[in-house]
Amino acid sequence: EPEVTQTPSHQVTQMGQEVILRCVPISNHLYFYWYRQILGQKVEFLVSFYNNEISEKSEIFDDQFSVERPDGSNFTLKIRSTKLEDSAMYFCASRRGQVDGAEAFFGQGTRLTVV
Amino acid sequence: KQEVTQIPAALSVPEGENLVLNCSFTDSAIYNLQWFRQDPGKGLTSLLLIQSSQREQTSGRLNASLDKSSGRSTLYIAASQPGDSATYLCAVMDYGQNFVFGPGTRLSVLP
């Protein structure tokens with residue numbers, strides 16, 4: 001069964017460093033998302049991506065963050081100058097399209113720990 | 001701004017019981033609603049998707065209903081098993097086609 005895959009599963013980084021979280025969405029999907037979940041809190045929307053550009057972003061998604069689909073298969077989230085409060089589980093999701101393709105599939109997440 | 005709440009926050013039941021998890025949302029202008037399961041430290045597994053035009057969806061022992069006008073959805077789990085222990089999240093997709101998640105209900109099914 002097709003699935004969304006994320007790498008790495010766990011990333012530890014020093015405060016101030018840059019990290020890149022990687023995702024391979026399901027191959028025939030067109031809509032891509034990043035969400036995050038701080039420990040013990042709700043899953044929060046970060047950004048959505050369609051047709052090779054950002055569709056929508058939340059207030060969390062400021063200049064520290066960027067997304068890219070560099071090669072037509074991978075979907076990456078870059079976090080610059082990481083802060084302690086960026087520690088969270090980051091989830092990538094994809095879905096095929098509207099109506100019948102509306103079901104979203106999530107990856108297993110990357111646990112980011114900023115020390 | 002869409003707000004999603006879930007009641008109860010936690011639930012503990014003996015094995016074999018039928019149970020209902022509740023989800024409420026403030027803005028009825030939704031595209032669909034999806035229920036997820038999350039095991040501790042793990043990702044989100046899709047359980048059921050209900051389109052805004054639908055009233056319910058069933059998958060095995062799970063049945064989800066949607067009353068869009070009143071801003072409510074329920075997830076019914078029949079004959080609960082210890083393996084059902086997890087956190088259950090509901091999420092509504094707004095017309096911007098992004099999900100807004102509830103805080104989840106943490107379910108423990110005791111053998």
Side-chain angles (χ1 to χ4, degrees), chain A residues 1-7 9-10 21 23 25-26 29-51 54-61 88-113, chain B residues 1-7 9-10 23-27 29-54 57-59 62 64 66 68 73 75 86-106:
Chain A
E1 184 174 315
E3 60 181 14
V4 177
T5 56
Q6 291 185 242
T7 55
S9 56
H10 193 185
L21 309 184
C23 170
I26 295 173
H29 284 193
L30 302 176
Y31 295 80
F32 313 113
Y33 304 84
W34 283 101
Y35 288 80
R36 79 172 184 188
Q37 186 178 34
I38 295 170
L39 188 64
Q41 297 187 22
K42 284 186 183 186
V43 177
E44 303 173 287
F45 167 71
L46 291 178
V47 66
S48 58
F49 194 86
Y50 170 70
N51 203 25
I54 290 174
S55 305
E56 192 170 335
K57 56 185 181 179
S58 70
E59 305 95 28
I60 303 167
F61 194 90
M89 184 78 99
Y90 288 80
F91 293 109
C92 173
S94 72
R95 59 187 188 88
R96 194 172 72 233
Q98 299 183 9
V99 191
D100 288 348
E103 185 175 8
F105 294 87
F106 281 72
Q108 289 299 301
T110 293
R111 181 173 299 285
L112 176 65
T113 303
Chain B
K1 182 184 170 187
Q2 179 75 267
E3 296 284 342
V4 180
T5 55
Q6 292 186 244
I7 293 173
C23 172
S24 298
F25 47 96
T26 54
D27 187 348
I30 65 168
Y31 207 36
N32 59 52
L33 183 146
Q34 196 164 345
W35 282 92
F36 296 88
R37 169 187 172 135
Q38 185 176 32
D39 292 288
K42 302 293 185 182
L44 307 176
T45 300
S46 176
L47 297 174
L48 289 164
L49 168 73
I50 310 179
Q51 301 287 358
S52 62
S53 58
Q54 297 175 323
Q57 282 285 344
T58 298
S59 175
L62 304 179
L66 174 64
K68 201 173 85 154
S73 176
L75 179 66
T87 296
Y88 291 80
L89 304 173
C90 80
V92 298
M93 177 167 283
D94 59 24
Y95 286 161
Q97 299 198 39
N98 305 315
F99 278 116
V100 178
F101 279 83
T105 293
R106 192 171 64 254

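These numbers come from the heavy atoms of this one structure, side chains and all, not from hydrogens, waters or symmetry mates. Below, chains carry the letters A, B, ... as their sequence lines are ordered, and counting in each starts from 1.
Looking only at side-chain heavy atoms (C-beta outward), B/M93 and A/R95 come within less than 4.5 Å of each other.
If you measure heavy-atom distances from B/L89 to chain A, the contacts under 4.5 Å come from the side chain alone. Neither the backbone nor the side chain of A/Y50 comes within contact range of chain B, judged by heavy atoms closer than 4.5 Å. Using a 4.5 Å cut-off between heavy atoms, B/V100 makes no contact with chain A at all.
Ring-plane geometry between A/F106 and B/F101 is classed as perpendicular, the angle between the planes exceeding 60 degrees on a 0 to 90 degree scale with a lower cut at 30.
Nearest heavy-atom pair, B/F36 versus A/A104, reported as atom, atom and distance to 0.1 Å: CE2-O, 4.0 Å. B/S46 approaches A/E103 most closely through the heavy-atom pair OG-OE2, 2.6 Å.
Sorted by first then second residue, the salt bridge (charged side-chain N to carboxylate O under 4.0 Å, His left out) pairs that include residues 37-51 of chain A, not counting sequence neighbours, are A/R36-A/E44.
Rounding to the nearest 0.5 Å places OG1 of B/T45 at 6.0 Å from CD of A/Q108. Taking CG of B/N98 as the reference point, atom OH of A/Y31 lies at 11.0 Å (rounded to 0.5 Å).
With sequence neighbours left out, the salt bridge (charged side-chain N to carboxylate O under 4.0 Å, His left out) criterion links B/R37 to B/D39.
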